[in-house]
Student: 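A single structure is presented below for examination.
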Amino acid sequence: MARKKIDESRRDFLKTVGVVASASASLTIAPEARARQALATLGPGEVPVTLTINGRRHQLNVEPRVTLLDAMRTRLEITGQKRVCDRGACGACTVIIEGRTYYSCSMLAIEAQGKNIRTVDGLANGSTLHPVQQAFCDNDGLMCGFCTPGFVMATVALLEKNPNPTPEQAKRALDGNLCRCGTNIGVLKAALAVKGGARG
Amino acid sequence: MKTFSYVNATNEKEAVAALSPSTRDGHGDALAAARSGHQPSKVPIAGGMDLLGLMKDYIVSPDRVVSIKGLDQTIASGDGGLRIGAAVKIADLAEHAAARKMYPALVTAAEGVGTPQIRNMGTVGGNIMQRPRCWYFRNEEFNCLKKGGSRCFAVDGENQFHAIFGDGPCHIVHPSSLAVPVIAYGGRFRVAGPNGAREIDAGEFFQMPNANLYGENVLQPNEIVTHVILPAPGQRSASYEVRFKQSHDWPLAAASVNLVMSGSTVKSARIVMGAVAPIPWRVQAAERMLAGKTITEGVATDVANAAVAGARPMTGNQYKIQIARTAVKRAVLAAGRA
Amino acid sequence: MDNGSRIPASGSRQVAEVQAPARPPQHEKYPWPEKSRLLGTRVSRIDGPMKVSGRAKYSYDIVRPGMLYGRILRSPHAHARLKSIDASAAEKAPGVKALLITIKPGEKVMFPGEEIGALAAATEQQAADALRMIKVEWEVLPALANVEQAMRPEAPQVFTPANTRRGTAQEDGDLAAGFKSAAFTVEGTYSTQVQTHTSLETHGCVCEWNGDNLTAWVSTQAVHGTREGFAQGLKIPQANVRVITEFMGGGFGSKFGPDMQGLLCARLAKAANAPVKLMLDRKEEHLATGNRPSAFAKVKAGVSADGKLTAFDATTWGTGGAGAGSDYPLPYIYVFPNRRRMHTDVYINSGQQRAMRAPGHPQGCFVTEVLMDELADQVRMDPMEFRLKNLPPLAPNAMWAKYFPMGAERINWKSRHVTGDPTPGPIKRGLGCSANRWGGAGTGARAHCEIASDGSVVMRCGTQDIGTGNRTIMAMVVAETLGLEVPQITIELGDSHHPFAPGSGGSTTAAAVMPAMRVTAGKARDALFERIAPQLGVAATEINIGVGEVHVVSPSTPDSSASGQTASRSGQAPILRRVAWRDACKMLGTVPVSVDGQWERGLSAGGTSGVQFAEVEVDIETGITKVKKIVCVQDCGLVVDLKTAETQCHGGIISGVNYGVFEERILDRNTANMVNPNMEWYHMAGQSDIPEIDVVLVDTPERGVIGIGEPPAVATAAAVANAIRNATGVTLRNIPITPDKLLTELERAGGTN
């Protein structure tokens, strides 16, 4: 009875204020878990981790200290996203999780479980490129190509959220990625060229 | 990065328990351990942006990392204000309709944090708790004061991005963009610890280096910030940040202004500067100058001059005085227009 | 955004008419076509789909069976003598398979990050853990963190025989007379910072031994040069080494050999009897893989009352780190009839310089071009008019007098105010200009072409595509020559098993490789004609290339009888019969056409010129500069791919914006350790910092192919600096122009508010 009441007030609260979109799942704490006294300590040695990357489940054993980026690159040979600064400053490792861009270098693999992680490797449909990938090719939004997978993912995330960005919005959305060759002009052209057509 | 074990705490009680020293650890007082120059052996992880960098650079090398992602991720209204869960992502705060309406100074600051990726990953609590970006602190080669060493390398070194207030002995600037408007709004932090929860005035949460050299605030290692509680804002508020790069960068100086108005006259004001001192730097002398005034360019300039009057620059950061002055002036003017 | 455009050939010929000879000698047998079908058009890079999909495998991405991970042990000190080193714990650490120590007690290190050992372990984490178990004791010695410290008379002597070395000394004309004829002089000290290459793919490689043979996947700008480097460093025959670089993530002049990390990787792989991957991390990359030296110039220059330069006297110095040079061209471009210059290399305890995108030129350009604006103000002349008055005579490689007015038009130079924007308010707008020159000539590339009976064409060349679009323009030239489309050409590069090609430096690659493509494809075409002529029942000279087909033409074609098999036969002769390409190739049967070719004279040249204009907005209350727009007028001979050539210009300009405003290697003055060895405090422009860029590529096809990678990077910083000066009225003689410098100067000039 009391519990129900709390739930109801919670719903009211949701109505009036609204919640953060991604919050719902992790908020629901099962009473059994709450009751459990001893918390599981994982590691420091290798622990089993299940990662869902581009819709495919991968089971692997890694130490808790291994980042998502390193797990993908060195354990699963998913090498599309690059390791460049390894400190969340350059964006070459950008992946999309729940519609949002993340620096996979700055996230532990163990914490990336239970989510669909999207990388550049999974964007194309066979040999047909995703419209954003095609736009990068058409607008020469790449040179050496090492920043490109990160820029492509940042652009995909932008356009999935905002299919018709203004140039200012597009620039802001790409500010978390750096290019050393100086392809930014082509990158911005690509981001604006796909307007409205990002859902490939 | 040193190896560590990992605990996933699903609520604050679990988090506090997992962060508390066990008898086996051999040091009861974690703060004392920190004061001896040792970093705590158990640390919380939320977004992870800051902690992973610290661990990769061997600045922090805990034995145990405790995930506190399961803390409250909601923004709730109450008492005319908002109660923001520490695990709310910065991006969500920036997009939150009520926050945007009520707390423009906070939202402006949130929008200016790092990059889209950092805002997507980083949490409100993490932003408040992040460690300084001082390049001597962050580079292992420099065993600086904050790491238990005997000197602040910035004093006669490369200090162009260091503090212009505070007189040391450590000259970091506090890295949190969100803490600045939170203090301007008179916010409080709800803190959970082994003895239950307490609320701390945000203005009293951060500590100067002479009070706490090895940390930046009053938290014990087994305490966590669970909520930011904001009272009803003044009628007008704004933040202004000056950054070198318009893309990803840390502010050279920032200012948040919160005004309680009586018509077009300022009744009372709070002005807090960021990136100029080891803590968010409230300037009450400048606040008092605003009381009873209508905001004009001249008033804003006077207030800005007062705000930086006590600055004590180092060898290479005198220019930051002018930047801080501009940030205050423009924040006051923006609040006046708001 | 990008309003890039290409000046039509007629326009450029007009330009070219100014000087003689109008046409340099052309290749006799395989000249560039009079009317090209593909060259000069916009072609998307052919490896784009690989790169945007993550399928492109860089050295960093290579995974070999049983592969170990290597890490390098480095000095944390700028200058120190080794007391002792104990690696016994590391040797026994979990996963460690090989360990090398390359320093002995008593030996010294000269910069932070100097390599002193390496190890390989089963995982990256194990390698990192083990590295920290090596106990090293040092005697820390006095270090020199900057040129001021090194040049002080009382400075400790850190380098042998001295901390400084006398460099270039030049004198021309009569300096005293030059200054005597000057109505005005300007004196000042100008300087530029050290920047690091910051290639996104760090240096490193994967090394795998098969007996005595080494295969190395290396992030390099020179597969053949790196093979030679491995052979010399490991004392094995070059025949035993194969270097592969299918894709590489940027080098900018810093990646021409295996370097220490490559040799250590190979030795670890040998010792562990397993493949080893050793890629540097970002910090190592900043510390130990090269940089652009700093430049300082104490200059006195004179100008006559009517605006002619009369004299230039400069004492210059700079540092390329521990024992490396720092020279740069000075004065740059403009004609000072009487001049003197003395240069001194200064050594400090930091990583050594390497060639970086137009080595020397951005430094010389900045010093000279800022000085030019100051001199123009002395004689109250428009800075562009002043430049036009003092340029060298027009020549194919010196077209500034033509390009300045073109750029002025596009930046709306007419709207420029005199120095110091009189507009009220904190935002000041300004315009500035500058000029660049570069070589870009290349030679020596070789290639091998096969045409198979199914019509497929493979071109092999031991060059590499470092992101410039080399692969794409190679395919364009081959396709043009064989009458095919670009996707029909398979380009194989980045492998030292392919025919020799030089390293990709000095913007020489296009000029070296494109002639080899033209000649080799032309020879393959001729060989094809010889082979199929009997089956077609005609003489080989009666066969021509069409588009996707070969033509049998009337035997009386003067073109073919006069100059034999020319690649440019225009097909004006009556076509008697058309044979589809595939059908023609089918006549080859089981034996493909297989020919070798190489670079030959008459298809490429060197010597480019260009100008840039910058528009900036400066907030004088914060010292923040926003570069709003850059206009670039640039030539590079025959434009092969207009699309990638324009992107090269964008890239150069953006690197110039970084040089002028943002980036700087900052060393702690007390320890010489780098305080910003990352991509956070090592500031580089992000998307919101990028200006609008307007590129005008002047096509001068009669000059043949010339490289364009470096020229556009030279002039941007100087143009931006001059625009900032024009906006604010204060002169910054030192880049990067950061808010601290700008606000300090503004304050000196009379306050900021």
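When reading the values below, keep in mind they use all heavy atoms of this one structure, side chains included, and skip hydrogens, waters and symmetry mates. Convention: sequence-line order gives letters A, B, ...; per-chain numbering from 1.
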Student: Determine, for C/E692 against C/K628, whether the closest basic-nitrogen to carboxylate-oxygen distance falls under 4.0 angstrom.
Tutor: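 No, no charged N to carboxylate O under 4.0 Å.
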Student: Is the B/Y136 ring parallel, tilted or perpendicular to the B/F153 ring (thresholds 30°, 60°)?
Tutor: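 Judged by the thresholds at 30° and 60°, the geometry between B/Y136 and B/F153 is parallel.
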Student: By the definition side-chain contact (heavy atoms from CB on, under 4.5 Å), identify the one residue from C/E114, C/M674, C/R74 that meets it with C/L287.
Tutor: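 Single side-chain contact (heavy atoms from CB on, under 4.5 Å) partner of C/L287 among C/E114, C/M674, C/R74: C/M674.
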Student: Could you tell me which portion of C/K741 (side chain, backbone, both or neither) has an atom closer than 4.5 angstrom to a non-hydrogen atom of chain B?
Tutor: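 Neither part.
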Student: May I ask you to name which of C/I624, C/D689, C/T622 has the most heavy-atom pairs under 4.5 Å with chain B?
Tutor: C/D689
Student: Identify which part of C/D668 has an atom lying under 4.5 Å from any heavy atom of chain B, answering side chain, backbone, both or neither.
Tutor: both
Student: So, using side-chain hydrogen bond (donor to acceptor under 3.5 Å, both in side chains) as the criterion, who are the partners of C/D281 when residues are at least two apart?
Tutor: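 Expected list: C/R71.
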Student: At a 4.5 Å cut-off on heavy atoms, which part of B/D156 comes close to chain C: side chain, backbone, both, or neither?
Tutor: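 Answer is both: backbone and side chain atoms of B/D156 are under 4.5 Å from chain C.
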Student: By a 4.5 Å heavy-atom criterion (distance strictly below it), what part of C/T671 contacts chain B: side chain, backbone, both, or neither?
Tutor: side chain
Student: Please confirm whether the ring centroid of B/F137 lies under 6.0 Å from the ring centroid of B/F142.
Tutor: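 No, the ring of B/F137 stays outside the 6.0 Å limit from the ring of B/F142, centre to centre.
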Student: Heavy-atom distances under 4.5 Å only: say whether B/R330 touches chain C with side chain, backbone, both or neither.
Tutor: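 Only the side chain of B/R330 comes within 4.5 Å of chain C.
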Student: Please identify, among C/K283, C/R132, C/H77, the residue contributing the most non-hydrogen atom pairs under 4.5 Å to chain B.
Tutor: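 Maximum pair count with chain B is reached by C/R132.
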Student: Do C/K428 and C/E621 sit within salt-bridge range, that is, some charged N less than 4.0 Å from a carboxylate O?
Tutor: no
Student: Is C/D619 close to chain B through its backbone or its side chain, or both, or neither, when contacts mean heavy atoms under 4.5 Å?
Tutor: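 The answer is the side chain of C/D619.
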Student: For C/P112, which atoms come within 4.5 Å of any heavy atom of chain B: side chain, backbone, both, or neither?
Tutor: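 No part of C/P112 comes within 4.5 Å of chain B.
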Student: Quick one: of C/H683, C/M684, C/Q687, C/K626, who has the most non-hydrogen atom pairs under 4.5 Å with chain B?
Tutor: C/H683
Student: Could you tell me which of C/T744, C/N676, C/I666 has the largest number of non-hydrogen atom pairs under 4.5 Å with chain B?
Tutor: C/I666
Student: Of the listed residues (B/K320, B/E140, B/K245, B/Q246), which shares the most heavy-atom pairs with chain C below a 4.5 Å separation?
Tutor: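 The candidate making the most pairs under 4.5 Å is B/K245.
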Student: What verdict does the side-chain hydrogen bond (donor to acceptor under 3.5 Å, both in side chains) test give for B/N159 and B/T315, after you've listed the backbone C-alpha separation in whole Å, the side-chain angles of each residue and the deciding distance to 0.1 Å?
Tutor: CA-CA 7 Å; B/N159 52 35; B/T315 53; 2.8 Å; yes
Student: If the plane angle is over 60° it's perpendicular, under 30° parallel, otherwise tilted; pick one for B/W250 and B/H248.
Tutor: tilted
Student: Could I get the full list of side chain to side chain contact (heavy atoms under 4.5 Å, CB included) partners for C/T123, not counting sequence neighbours?
Tutor: A/R75, C/Q125, C/Q126
Student: So, does C/D129 use its side chain to make a donor-acceptor pair with the main chain of B/T3 at under 3.5 Å?
Tutor: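 A pair under 3.5 Å: no.
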Student: Chain C: which of B/R138, B/R133, B/Q318, B/K2 shares the most heavy-atom pairs with it under 4.5 Å?
Tutor: B/R133
Student: Under a 4.5 Å heavy-atom cut-off, does chain C meet the side chain of B/Q160, its backbone, both or neither?
Tutor: side chain
Student: At a heavy-atom separation under 4.5 Å, does C/L667 approach chain B through its side chain, its backbone, both, or neither?
Tutor: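 Backbone only.
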